[in-house]
Amino acid sequence: MQPEPVNNRVKIVLPNTLGYERVAMASLASFAKMHGLSADRIEDLKTIVAEAAINAMQHGNCGRPDARVTIVFKVADNTINVKVTDDGNGFNKEVKDPDIDRIIAMLDKPVGFGVFLIRNLADRVEFKTLPEGGHVVEMLISIN
Amino acid sequence: MQPEPVNNRVKIVLPNTLGYERVAMASLASFAKMHGLSADRIEDLKTIVAEAAINAMQHGNCGRPDARVTIVFKVADNTINVKVTDDGNGFNKEVKDPDIDRIIAMLDKPVGFGVFLIRNLADRVEFKTLPEGGHVVEMLISIN
Amino acid sequence: MQQSANQIHIKSRGDVTVLDIRGDITAFSESSLEEAYQKANARDTAKLVLQIEKEAYINSGGIAVLIQILTHTQRSGQRVAISGISEHFKKIFKMVGITKFAEIYDSPEAAVQNLG
Amino acid sequence: MQQSANQIHIKSRGDVTVLDIRGDITAFSESSLEEAYQKANARDTAKLVLQIEKEAYINSGGIAVLIQILTHTQRSGQRVAISGISEHFKKIFKMVGITKFAEIYDSPEAAVQNLG
Ligand SMILES: Nc1ncnc2c1ncn2[C@@H]1O[C@H](COP(=O)(O)OP(=O)(O)O)[C@@H](O)[C@H]1O
Ligand SMILES: Nc1ncnc2c1ncn2[C@@H]1O[C@H](COP(=O)(O)OP(=O)(O)O)[C@@H](O)[C@H]1O
């Protein structure tokens, strides 16, 4: 994806503390409403930005209190583009979809729901380790 | 005011376009709710951040489409602190309270409501030209 | 971006004209509100209700637009009520002085009844 | 910051126990939910309703906490319903598979009636 001159980019920098993902959810919901996204897709968008921000805090920034999570969103080609960046090195293993039957049978731990929800609710998602360091999750939701 | 090591600082960078103040309103409302601000004071906070952002876009950044408005908020000493920064030189005249009788009689123009609302709804406000260039409005609303 | 003018429905309730205004009240509301006011005037109305949505975002630009309408109504000797706004904006309309030139009611029905 | 546990009221409705859960369902809900479940169990309940607020924010951490409760209820052979959640979270609970282990109802009353 080429950088393009869009004039609707919003950037948010959050403290690395669980709970602050709510601030990203609220601002992105307001942004998406301004740009005409439907109410049910706004709910999806809130969930995926929350999950990506939580993962950035916990897995990317490993809970370090001085770390920050940076979230950038914009609209281009009738698509909402959300990037969530942390200071980490990205995924160190493949993430499988959680298997609820195995979890209920206590064969698996109840983990993996964040990535599962992002994959299932976004129209497109990419997890990328950045050459300059850090990791970004880029998620797209199309407006129509 | 001394800078202090708070770990709840949120930063938002907005495009210089009227309407995007809504994104700041939504995120600050969510932040303030997390920190226990009452519903009616959250409404006041939304209004003052919106008015400060609109002024930053129109008067500070003079409507330049490539300019940005930066909004930082944090909580310290049970007080919500909001800073709205633009690239301009600050006020070039004293701003008087609007006089509605004179406006209705068409003796004055209907202007000056933004600063009026900020002054009347914030617990404290300071308008400061920055030594490094730019202008900041710092507004405080106490939580209890 | 959605920065469109307001949708405004004009209704007659006896000798009162109600402008049912959808959406936020900002500087972008100027043309739609002025136009709706002119249409209402064509009905030779002496009593006007501005019905605003409870969830509407109203900013200083919108306040200026509303006051401009009140400038017209004052000159024409029309009686005006505003209905629907939240407690927050009731407080602000009082602060700014709008309540000196327009009565505030919770619902358009209450406004019509009291003006009528 | 407000990252408190949930307020949970435990109510008996015939042979059904309702956990009326206030607030968001996140990783921070673990202790309050586990504690409420243990209290409900002390009543020897075979049927359980988890009433969640429609406005509640539920995230992956909260989903894990709920599934942990369902692990207990499955082992004890208890029947569980979840009520109150929005359409968005109904969809997500289906996606994740929670609906295989808990019935979903709009209101706690409907849940009690159907379990009872
Ligand atoms: N931003 C990230 N940086 C590094 N690893 C990540 C990141 N996000 C997710 N992961 C990896 O993906 C796994 C699954 O994440 P998730 O689905 O949110 O479930 P959980 O947080 O319960 O483990 C994590 O355990 C972690 O290994
Ligand atoms: N960020 C700012 N930078 C420079 N001047 C400002 C700024 N904010 C407000 N002002 C000045 O204060 C005046 C009053 O602003 P305001 O109360 O919002 O009313 P209005 O926008 O209708 O003029 C403006 O006309 C401008 O001269």
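Quick note on labels: first sequence line is chain A, next is B, and so on, each numbered from 1.
A donor-acceptor pair under 3.5 Å is formed between the side chain of A/Glu51 and the backbone N or O of D/Ser60.
Atom CD of A/Glu94 has 12 or fewer neighbouring heavy atoms from other residues, nucleotides or ligands inside a 6.0 Å radius. More than 12 heavy atoms of other residues, nucleotides or ligands shown are found within 6.0 angstrom of CG on A/Asp123. Within a 6.0 Å radius of CG in A/Asp66, other residues, nucleotides and ligands contribute more than 12 heavy atoms. Taking a 6.0 Å sphere around CD of D/Glu34, one finds it holds more than 12 heavy atoms contributed by other residues, nucleotides or ligands.
Note that the CG atom of A/Leu18 and the CZ atom of D/Phe28 stand 5.0 Å from one another [nearest 0.5 Å]. The line from CD of D/Gln74 to CD1 of A/Ile104 is 6.0 Å long, rounded to the nearest 0.5 Å.
For A/Leu117, the part sitting under 4.5 Å from any heavy atom of chain D is the side chain, from C-beta outward, and nothing else.
Using a 4.5 Å cut-off on side-chain heavy atoms (C-beta onward), D/Thr71 and A/Met106 make contact. Side-chain contact between D/Asn59 and A/Phe113 is absent, with no heavy-atom pair separated by less than 4.5 Å. For the pair A/Lys46 and D/Tyr57, the minimum side-chain heavy-atom distance is 4.5 Å or more. Taking 4.5 Å as the limit, some side-chain heavy atom of D/Gln68 sits within range of a side-chain heavy atom of A/Pro110.
Ranked by heavy-atom pairs under 4.5 Å with chain A, the first of D/His72, D/Lys100, D/Arg75 is D/Lys100. Each of D/Ile58, D/Val96, D/Leu70, D/Ile98 has some count of heavy-atom pairs under 4.5 Å with chain A, and the biggest count is that of D/Val96.
In this structure, A/Ile103 and D/Ile67 approach most closely via the heavy-atom pair CG2-CG2, 3.6 Å.
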- Query: A/Ile54 and D/Thr26: side-chain contact (heavy atoms from CB on, under 4.5 Å), yes or no, with the steps?
  - Reply: CA-CA 11 Å; A/Ile54 291 170; D/Thr26 68; over 6 Å; no
- Task: List the steps and the verdict of side-chain contact (heavy atoms from CB on, under 4.5 Å) for A/Phe116 and D/Ile63.
- Result: CA-CA 12 Å; A/Phe116 174 80; D/Ile63 288 173; over 6 Å; no
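A salt bridge links A/Asp44 with D/Lys91: the closest approach of a Lys/Arg side-chain nitrogen to an acidic carboxylate oxygen falls below 4.0 angstrom.
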